[in-house]
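All remarks here apply to the structure that follows.
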There are 2 protein chains.
Amino acid sequence: MSQTVDRALSILPLLAEGPANLEQVATRLGVHKSTALRLLRTLHEHGMVYRQQDQRYRLGARLFALAQEAVENLDVREIAHPHLVGLNEKCGHTVHLAVYEENEVLYIDKVESRYPVRMYSRIGKPVAITVAAVAKLLLADLPEPERRTVVERLDYPLYTSRSTSGPAAFLTELATVREQGWASDLGGHEESINCIGAPIRGADGRVIAACSVSAPNVVVTSEELLTLLPLVRHTADAISREYSGKHH
Amino acid sequence: MSQTVDRALSILPLLAEGPANLEQVATRLGVHKSTALRLLRTLHEHGMVYRQQDQRYRLGARLFALAQEAVENLDVREIAHPHLVGLNEKCGHTVHLAVYEENEVLYIDKVESRYPVRMYSRIGKPVAITVAAVAKLLLADLPEPERRTVVERLDYPLYTSRSTSGPAAFLTELATVREQGWASDLGGHEESINCIGAPIRGADGRVIAACSVSAPNVVVTSEELLTLLPLVRHTADAISREYSGKHH
DNA sequence: AATGAGTGTTGCAGTATATGCAACAGATTG
DNA sequence: CAATCTGTTGCATATACTGCAACACTCATT
């Protein structure tokens with residue numbers, strides 16, 4: 001592993017917390033000012049950091065552009081999008097598409113609810129991995145040894161009284177999800193928000209993504225939301241079929 | 001400038017074009033396989049790249065997360081958001097917020113149109129800098145020497161027959177915009193989409209951001225859109241006031 | 001105006017560190 | 001079972017990164 005690159009990349013999350021000047025960056029990296037300066041210059045030339053008027057550094061524009069292109073290159077996303085829009089048109093609620101990657105589950109697409117009360121989330125944002133329906137679907141399909149290590153390494157924040165309590169509970173929940181082929185999150189993240197999801201599979205049957213429908217209690221009860229399950233699964237299956245077709 | 005970091009960062013835009021394997025990366029970088037491998041490993045440890053099942057590398061999740069945090073740390077955005085929502089509630093059209101940074105203008109916030117016909121754009125995406133109303137507003141306020149160099153270095157794609165034709169035309173347009181304190185784009189990017197915008201100023205009067213309202217012809221004519229101008233300017237001024245207030 | 005503190009920048013010498021090589025491993029193909 | 005292709009590892013070399021110290025610049029303070 002390259003020390004120089006390692007140091008340079010460590011600057012980015014540091015700046016994500018907020019703007020910082022040269023000295024702050026140097027101390028937090030544990031290197032000499034001049035070293036930090038040269039790293040920042042290189043990052044700057046690549047547009048990864050930006051220097052504002054007060055000389056402090058911030059994360060730069062290229063970062064957005066890259067994240068942008070990255071998300072647009074995901075072909076599941078491209079195939080899934082029209083289906084998600086269709087799902088939203090039928091039920092009116094917020095629709096999400098998510099993938100698993102390196103111990104994180106993140107939203108890669110979203111269609112906004114047509115109801116006035118909406119849920120906060122944003123493309124690119126990691127989801128609450130221990131409670132979200134999409135996270136359960138994606139983790140449930142990991143090969144056994146990996147699933148166990150991931151699950152044990154997670155934190156289990158108690159967002160609400162119905163949040164997953166710990167590794168053991170999560171593993172049984174994942175088993176259920178794998179069994180039944182769909183997942184739900186009934187108030188585990190936000191007390192008043194329920195969510196149901198279904199897996200999208202590649203040609204080999206592995207789960208490559210998951211989609212879900214979320215709605216607050218004030219709009220539909222969890223029972224009513226569950227009646228949408230066939231629709232959600234149907235959508236996920238349609239995406240799976242199209243994805244598998246185009247990939248062979 | 002650091003060679004190693006430079007090479008490592010050059011990998012990212014390369015991967016943005018699509019997944020690539022080790023050898024492809026090595027050749028395009030002009031380095032030995034083993035060198036490329038070590039760079040990729042470092043990028044991988046930081047979550048900037050991801051290795052998919054077929055061993056090829058793609059851009060990684062951390063990139064999204066970083067871009068995410070970066071956008072959320074922009075305090076103009078935070079202050080502006082409720083105003084933008086209010087503007088959207090009053091007119092129903094797509095509302096954008098944009099900033100200038102290092103030869104690019106990018107959207108940092110967006111409120112979707114409430115009409116079924118929507119315009120394509122996404123937060124983080126660089127705008128069509130030679131035609132967009134927000135771009136005109138931001139460039140118009142650059143100090144004279146910089147404005148000239150930027151304008152002359154740009155490409156002028158002819159999206160439509162009404163696109164800005166070249167540096168000279170753009171400079172006069174910018175002068176007008178500076179003079180009148182607002183900007184429009186009438187079918188310069190997409191034949192059927194019009195757009196009007198107004199500047200958001202910091203305490204010192206410099207333009208720090210710009211907001212705009214966009215709507216397709218089929219929803220409102222350009223004349224009708226222009227009647228919204230006072231509303232847009234009013235919103236921008238309100239944001240300016242609040243921003244200046246909170247910064248002293 | 002002058003002093004001083006604080007921060008960013010540059011040239012340089014030494015050596016840590018990245019590099020390319022070549023040999024190896026593993027997978028896929030004929 | 002060779003042959004080919006791609007990724008991985010250990011190692012010797014010297015390149016390129018580092019820290020230092022001196023310098024430049026801005027901004028307060030007297």
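None of the values given here were measured: they were computed from a predicted structure. Letters go in sequence order (proteins before strands), and every chain restarts at 1.
- In this structure, B:Glu17 pairs ionically with B:Arg28, as a charged nitrogen and a carboxylate oxygen lie closer than 4.0 Å.
- More than 12 heavy atoms of other residues, nucleotides or ligands sit less than 6.0 Å from atom CZ of A:Arg206.
- At a cut-off of 3.5 angstrom, counting only N and O atoms as typed in the model, there is a donor on one side and an acceptor on the other between the side-chain of A:Arg38 and the base of D:dG19.
- Between the side chain of A:Thr35 and the backbone N or O of A:Val31, no donor-acceptor pair lies under 3.5 Å.
- The main-chain N or O of B:Met1 is never found under 3.5 Å from a side-chain atom of A:Thr42 such that the two would form a donor-acceptor pair.
- To the nearest angstrom, C1' of D:dC17 lies 15 Å from CG of A:Leu43.
- Rounded to an integer number of Å, the gap from CG of A:Leu39 to P of C:dG8 is 15 Å.
- Between A:Leu29 atom CG and D:dG19 atom P the separation is 10 Å, expressed in whole Å.
- Among the atoms of the strands shown, only primed sugar atoms or phosphate atoms (P, OP1, OP2) are found under 4.0 Å from some heavy atom of B:Arg51.
- Listed nucleotides D:dG7, C:dT9, D:dG19 differ in distance to A:Thr35; the shortest reach to its side chain belongs to D:dG19.
- As rounded to whole Å, 14 Å separates atom P of C:dA18 from atom CG of B:Leu37.
- Using a 30° and 60° split on the angle between ring planes, A:His96 and A:Tyr107 fall in the parallel class, below 30°.
- If A:Asn21 and A:Val5 are placed on DNA chain C by their nearest nucleotide, the residue sitting closer to the 5' end is A:Asn21.
- The nearest whole Å value for the distance from the CG atom in A:Leu22 to the P atom in D:dC25 is 17 Å.
- When the nucleotides C:dG8, C:dT10, D:dG7 are ranked by their closest atom to the side chain of A:Arg41, C:dT10 comes out on top.
- Listed for the B:His32 side chain is a donor-acceptor partner under 3.5 Å among the backbone atoms of B:Ser34.
- Atom pair A:Arg56:CZ and D:dT26:P shows a separation of 19 Å (rounding to whole Å applied).
- Using a distance-only test at 3.5 Å, with no hydrogens or angles considered, a donor-acceptor pair links the side chain of A:Asp141 to the main chain of A:Val207.
- Going from atom CG of A:Asp54 over to atom P of C:dG6 covers 18 Å, rounded to whole Å.
- In this structure, A:Tyr57 places its OH atom 14 Å from P of C:dT7, rounding to the nearest Å.
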Pull out every protein N or O sitting under 3.5 Å from an N or O of nucleotides 14-17 of chain C, one pair per line with the distance.
unit_1, atom_1, unit_2, atom_2, d
C:dT17, OP1, A:Gln3, OE1, 2.9
C:dT17, OP1, A:Gln3, NE2, 2.7

Q. In B/S/- notation, 5' to 3', how is nucleotides 22-30 of chain C contacted by protein heavy atoms closer than 4.0 Å?
A. B--------
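- Checked for salt-bridge contact, A:Arg41 and A:Glu45 miss the test: no charged N lies under 4.0 Å from a carboxylate O.
- Here A:Asp155 pairs with nothing under the salt bridge (charged side-chain N to carboxylate O under 4.0 Å, His left out) rule; sequence neighbours left out.
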